[in-house]
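Single-structure report; data block below.
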Amino acid sequence: MNIHPKVTPIYQTSVFKFGSLAELEEYYTAPSHNGRYCYSRAENPNTDELVNEVARLEGAAGGGVATGSGLGGLLAAVAATCQAGDHILCPEELYGGSVVLLTQEMTRLGISTDYVPLAELYDLGRWVKPTTRLVLAEVLSNPLLTVLDGPRLAAACREQGVKLLIDSSFTSPILTRPLSWGAAMVWHSATKYLGGHSDVMAGVVVAADEALGHRLRQVGTNLGLTLAPMESWLTVRGLKTLRLRMRQHSENALAVARFLAAHPAVAQVYYPGLETHPGHDLAQAQLLNGLFGGMMSVRLHNDTAEGADAFFQRTQLFPLAPSLAGVASSSSYPLGTSHRGVPGERRQALGITAGLIRLSVGVEEVEELLADLGQALGG
Ligand SMILES: *Cc1c(COP(=O)(O)O)cnc(C)c1O
């Protein structure tokens, strides 16, 4: 065959052939298998292309693993670094799915987690135990976009001899490079910005060093966390426009945030690109390319479920769809989804009120977004 496709084809195969025992031997003994593949649970050209591209964008010399969902990536990171008896620390404002994985499932397997308010987590010496192996934190929190001081947390982790895992799903490598702060691993729900089109579920975790990257690949294979070839291919296709998309998401979101901040129906806008956001200076110092991402939350003056529902029913361009980061805008309702199980008093303390709406701003023509938001807010 003399076919030279410009784009990597989809290797939709579970297994690869060998012509002889010598070739099989070569697979098992040659460095990097001499370019050979054997079984797609362990490796597949499409999955490799995805991991290599994310590792390149993150500056991750150790490479890593792609998983069948974002949460599979967290499981890989925990399995690669912890065993029964070990302990993990996280900020309180953690993504709900991560909390469920850690608290409901990992605790059962003997790995415990404590949650600390982010502002107090930097004082890591107060919280670490002799068994603490991992700190997990997000660059921008959900839904109020609290900004992490990544270099400060990374320095505290280094001092305590604990590995730092950063969930960069809200930011992508266009906005942050957590390994450059000294994090050990960076994790993405590739379902979000890396894929970017709301049509694939995937996760990627990459590591700064070779040994940890190797361990991530091992646990990915051994626990069967593998991402399928088609999903890998779709995510690679998404990555090709990541830079363009993140620019447009961020530009649109800043315009939307300014519009909403000046709107009479809106009490408060949480967007790190606004000068009024408490994390603005930190975001400006830390986020790359002058971009602040596409995620924000908005509290209505009519801070009730009825007020929020009126918005969800009227908007045409921000459909209520509880995920994020697609090219098409969407909205979600923290009180009814991510923070459903959080007790009322605690929710109030966190600022998750009945009239709080989270927006994922897409890459559409911004004037159309502003017009839709205006009519949906009854202005
Ligand atoms: C969606 C999300 C996850 C989990 O990813 P899935 O692809 O849904 O498994 C983890 N962290 C953050 C911040 C997310 O938004």
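In each ligand, atom 1 is the first atom listed, and ligand 1 is the first ligand listed.
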For this session: Below 4.0 angstrom from a heavy atom of Gly70, which ligand 1 atoms are there? Numbered from 1 as shown, please.
Result: 5 (O), 6 (P), 7 (O), 9 (O)

For this session: Can you sort out which atoms of ligand 1 are near Leu71, meaning under 4.0 Å from one of its heavy atoms?
Result: 5 (O), 6 (P), 9 (O)

Exercise. Given Pro173, which of Leu239, Leu194, Val186, Leu179 fulfils the side-chain contact (heavy atoms from CB on, under 4.5 Å) condition?
Worked result: Leu194

Problem set entry | Passing option when His33 is tested against Tyr27, Tyr28, Tyr39 for ring pair (Phe, Tyr, Trp, His ring centres under 6.0 Å) | Tyr27

Seminar exercise, completed: protein heavy-atom neighbour closest to atom 10 (C) of ligand 1 works out as Tyr95 CD2, 3.4 Å

For this session: Would you please determine whether Asp167 falls within less than 4.0 Å of ligand 1 on a heavy-atom basis?
Result: yes

Problem set entry | Audit row: Ser169, Ser189, side-chain hydrogen bond (donor to acceptor under 3.5 Å, both in side chains) steps and yes/no | CA-CA 5 Å; Ser169 302; Ser189 167; 4.7 Å; no

For this session: For ligand 1, find out whether one of its N or O atoms is nearer than 3.5 Å to an N or O atom of Lys192.
Result: yes

For this session: Check step by step if side-chain contact (heavy atoms from CB on, under 4.5 Å) holds for Ile111 and Leu102.
Result: CA-CA 8 Å; Ile111 298 169; Leu102 293 170; over 6 Å; no

Problem set entry | Identity and distance of the protein heavy atom lying nearest atom 7 (O) of ligand 1 | Thr191 OG1, 2.6 Å

Exercise. Hey, which of Thr176, Thr146, Asp167 is the one that makes side-chain contact (heavy atoms from CB on, under 4.5 Å) with Val139?
Worked result: Thr176

Problem set entry | Distance from atom 5 (O) of ligand 1 to nearest protein heavy atom, with residue and atom | Ser189 OG, 2.9 Å

Problem set entry | Ring centers of His277, Phe292 separated by less than 6.0 Å | no

Exercise. Which atoms of ligand 1 are found less than 4.0 Å from any heavy atom of Trp187?
Worked result: 10 (C)

Problem set entry | Result of checking Leu144, Leu300, Val298, Leu350 against Leu356 for side-chain contact (heavy atoms from CB on, under 4.5 Å) | Leu144

Exercise. Numbering the atoms of ligand 1 from 1, which are under 4.0 Å from a heavy atom of Ser169?
Worked result: 11 (N), 12 (C), 13 (C)

Exercise. Taking only heavy atoms of Phe170, which atoms of ligand 1 are found under 4.0 Å from at least one of them?
Worked result: 13 (C), 15 (O)

